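In this text the structure is predicted, and so the values were computed from the model without any measurement. Quick note on labels: first sequence line is chain A, next is B, and so on, each numbered from 1.
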Number of protein chains: 2
Amino acid sequence: MNLLPATLFSALAHDTRLRCLVLLLEYQELCVCELTEAIGAAQPHMSRHLGQLREAGLVTDRRAGLWIHYRINPELPSWAMSVIVETAKGVGGLEPFASDLSALVAMPDRSAAPRCA
Amino acid sequence: MNLLPATLFSALAHDTRLRCLVLLLEYQELCVCELTEAIGAAQPHMSRHLGQLREAGLVTDRRAGLWIHYRINPELPSWAMSVIVETAKGVGGLEPFASDLSALVAMPDRSAAPRCA
DNA sequence: ACCAAATATTCGGTCAATCGAATATAGCGA
DNA sequence: TCGCTATATTCGATTGACCGAATATTTGGT
C-alpha cells in the first residue's frame with residue numbers, strides 16, 4: 001500500500017483523529033458509538049473525522065448490523081504503523097490523553113452489544 | 001521538553017518541512033542556503049517554513065557570521081524523535097524523496113563555506 | 001409499513017495555512 | 001560608509017480545515 005507522508009501527518013494533526021487511532025491501536029476494533037463516548041464528542045463530529053481517516057486509507061470499516069466497526073488498516077506501510085505506535089507509546093501516559101484513556105477503561109463490555117447514548 | 005502531538009504532526013504535514021527534518025536528521029546541521037538548494041525551493045519559501053519549525057520548537061538555529069545553521073532540537077521528546085526517525089527510514093528510499101536525497105548527495109563539501117546560488 | 005437507533009452528509013460561516021512577489025534586516029568586507 | 005550576501009518579514013489573495021446545527025440514510029425490530 002502507498003501512503004504519502006503528508007496524508008498520514010495531516011490526519012494525525014487533529015486530536016480527535018489521533019485519539020481514534022490510538023484507541024484503535026489498543027482495542028483492535030471499535031464502533032462509532034464507542035469512539036464517540038470514549039472521546040466525548042458529538043456524533044457528527046466523530047463521523048466526519050472517521051470519514052477523513054477512512055478517505056486517507058488509515059482505517060477500514062466493517063458493517064455489523066446497525067453498528068459500523070473501525071480498525072486500523074492492516075495494509076498500512078510499516079513506517080506509518082511505526083509512527084502511530086511510537087506516538088501512542090510516548091503520548092499514552094500524558095495529558096490530554098490520560099483522562100480519555102481512563103474513560104475508555106470504564107467502557108462497557110465489548111463482548112456485548114455496545115450501550116450507546 | 002513538552003510537545004503537543006498536534007504541533008509535531010502539523011509541522012510534518014508539509015512536504016518542505018518534513019524534508020528539512022529528514023535532511024537535518026542525516027546531516028546534523030545545515031544552513032538555510034544548503035536546505036534551499038537541496039530542496040529546490042525559493043528562499044522566502046524555505047525561510048518561512050524553517051520559521052515555523054523553529055516556532056514549533058522542532059529545530060534550533062545558530063548564527064555563524066552570515067549563515068544561520070539549523071539542527072533538530074536536541075531536547076525533543078523521545079517519542080517525537082522516534083516518529084521522525086521512523087518516517088525517515090520508511091520514506092527515505094521512496095518518491096518523492098529519492099530525487100531530493102540524490103540531489104543532496106551532490107551537495108558541496110560541508111567543511112568549506114557553502115556555495116549558494 | 002412504520003418507528004427508532006446508529007451513522008453519515010449537507011449547509012453556511014469562520015479561521016488558519018499557504019503562496020508569489022516585493023521588501024526589509026543583519027553581518028561582512030572594502 | 002557602501003555594497004553585497006544570507007536570511008527574514010510583510011502584503012494581498014486564495015484555498016482548505018473545522019465547526020455547530022440540521023437533515024438524510026441505513027438497518028433491524030415490531
Side-chain angles (χ1 to χ4, degrees), chain A residues 4-20 23-24 29-56 58-71 107-108 110 112-117, chain B residues 4-20 23-24 29-56 58-71 107-108 110 112-117:
Chain A
L4 293 176
T7 303
L8 173 64
F9 293 124
S10 299
L12 296 180
H14 194 287
D15 266 0
T16 296
R17 296 189 294 262
L18 177 56
R19 291 202 251 175
C20 285
L23 292 173
L24 290 174
E29 192 175 61
L30 292 169
C31 75
V32 179
C33 63
E34 291 172 313
L35 287 164
T36 302
E37 187 186 354
I39 291 186
Q43 180 269 323
H45 178 88
M46 186 57 52
S47 186
R48 254 190 317 224
H49 288 286
L50 285 173
Q52 291 180 237
L53 289 174
R54 189 185 342 112
E55 281 232 337
L58 299 182
V59 300
T60 62
D61 59 333
R62 173 179 72 86
R63 167 149 243 150
L66 212 45
W67 303 285
I68 297 184
H69 299 266
Y70 282 88
R71 57 171 64 219
M107 268 204 325
R110 299 247 22 267
R115 182 198 51 72
C116 294
Chain B
L4 293 175
T7 303
L8 173 64
F9 293 124
S10 299
L12 296 180
H14 193 286
D15 264 1
T16 296
R17 296 189 294 263
L18 177 57
R19 292 202 251 177
C20 284
L23 290 173
L24 290 174
E29 193 176 61
L30 292 169
C31 76
V32 180
C33 64
E34 291 173 312
L35 287 164
T36 301
E37 187 185 353
I39 291 186
Q43 179 269 321
H45 178 87
M46 188 55 55
S47 186
R48 253 190 317 223
H49 288 286
L50 285 172
Q52 291 180 235
L53 289 174
R54 190 185 341 112
E55 281 231 339
L58 298 182
V59 300
T60 62
D61 58 335
R62 172 179 73 86
R63 167 149 242 151
L66 213 45
W67 304 284
I68 297 185
H69 299 266
Y70 282 87
R71 57 171 63 217
M107 268 205 323
R110 296 244 29 263
R115 182 200 49 72
C116 295

Problem set entry | Atom pair distance, as rounded to whole Å: NE2 in A:His69 and P in C:dA6 | 12 Å
For this session: Side-chain contact test, heavy atoms from C-beta onward, threshold under 4.5 Å: evaluate it for B:Cys33 versus B:Trp67 and give yes or no.
Result: yes
For this session: Taking the side chain as every heavy atom from C-beta outward, state whether A:Val32 and A:Met46 have any pair of such atoms under 4.5 Å apart.
Result: yes
Exercise. Can you list the residues that meet the side-chain contact (heavy atoms from CB on, under 4.5 Å) rule with B:Gln43, with sequence neighbours excluded?
Worked result: B:Ser47
Exercise. Taking OP1 and OP2 of C:dT18, is either one under 4.0 Å from a side-chain nitrogen or oxygen of B:Gln52?
Worked result: yes
Problem set entry | Whole-Å distance separating the CZ atom of A:Arg54 from the C1' atom of C:dT9 | 11 Å
For this session: For residues A:Tyr70 and A:Thr60, determine if any side-chain heavy atom of one lies less than 4.5 Å from a side-chain heavy atom of the other.
Result: no
Exercise. Which pairs with one or both residues in residues 44-56 of chain A pass salt bridge (charged side-chain N to carboxylate O under 4.0 Å, His left out), sequence neighbours excluded?
Worked result: A:Arg54-A:Asp61
Problem set entry | Protein-nucleotide distance (B:Ile39, atom CD1; D:dT7, atom P), rounded to Å | 14 Å
For this session: Report the distance from atom CD of A:Glu55 to atom C1' of D:dA17, rounded to the nearest whole Å.
Result: 14 Å
Exercise. Between B:Arg17 and C:dA17, does any side-chain N or O lie under 4.0 Å from OP1 or OP2?
Worked result: no
Exercise. According to a 3.5 Å limit on both distances, what stems of 3 or more consecutive Watson-Crick or G-U pairs are formed with DNA chain C?
Worked result: C:1-30 with D:1-30
Exercise. B:Asp61 CG to D:dT7 P: how many Å, rounded?
Worked result: 11 Å
Extract all donor-acceptor atom pairs below 3.5 Å that involve side chains of residues 7-14 of chain B and protein atoms in other chains or at least two apart in sequence.
from: B:Ser10; atom 1: OG; to: B:Ala6; atom 2: O; distance (Å): 2.6
from: B:His14; atom 1: ND1; to: B:Thr16; atom 2: N; distance (Å): 3.1

Exercise. So does A:His49 get a side-chain nitrogen or oxygen closer than 4.0 Å to the phosphate oxygens (OP1/OP2) of C:dA8?
Worked result: no
For this session: Answer whether the closest heavy-atom distance between the side chains of B:Arg71 and B:Val59 falls below 4.5 Å.
Result: no
Exercise. Rounded to whole angstrom units, what separation is found between the CG atom of A:Leu12 and the P atom of D:dA17?
Worked result: 15 Å
Exercise. If only atom types and distance count, is the side chain of B:Glu37 paired as donor or acceptor with the main-chain N or O of B:Glu34 below 3.5 Å?
Worked result: no
Problem set entry | Distance, rounded to the nearest Å, where A:Glu37 contributes CD and C:dA6 contributes P | 11 Å
Problem set entry | Between P of C:dT7 and CZ of A:Arg62, the distance in whole Å | 12 Å
Problem set entry | Sugar-phosphate or base contact per nucleotide [nucleotides 20-30 of chain C; S, B, -; heavy atom under 4.0 Å] | B-B---SBS--
Exercise. B:His14 side chain: which of D:dA8, C:dA8, C:dT18 is closest?
Worked result: C:dT18
Problem set entry | Options D:dA8, D:dA6, C:dA8, nucleotide nearest the side-chain atoms of B:Tyr70 | D:dA8
Exercise. Among all residues two or more places apart in sequence or in another chain, which pass the side-chain contact (heavy atoms from CB on, under 4.5 Å) test with A:Arg63?
Worked result: A:Ile68
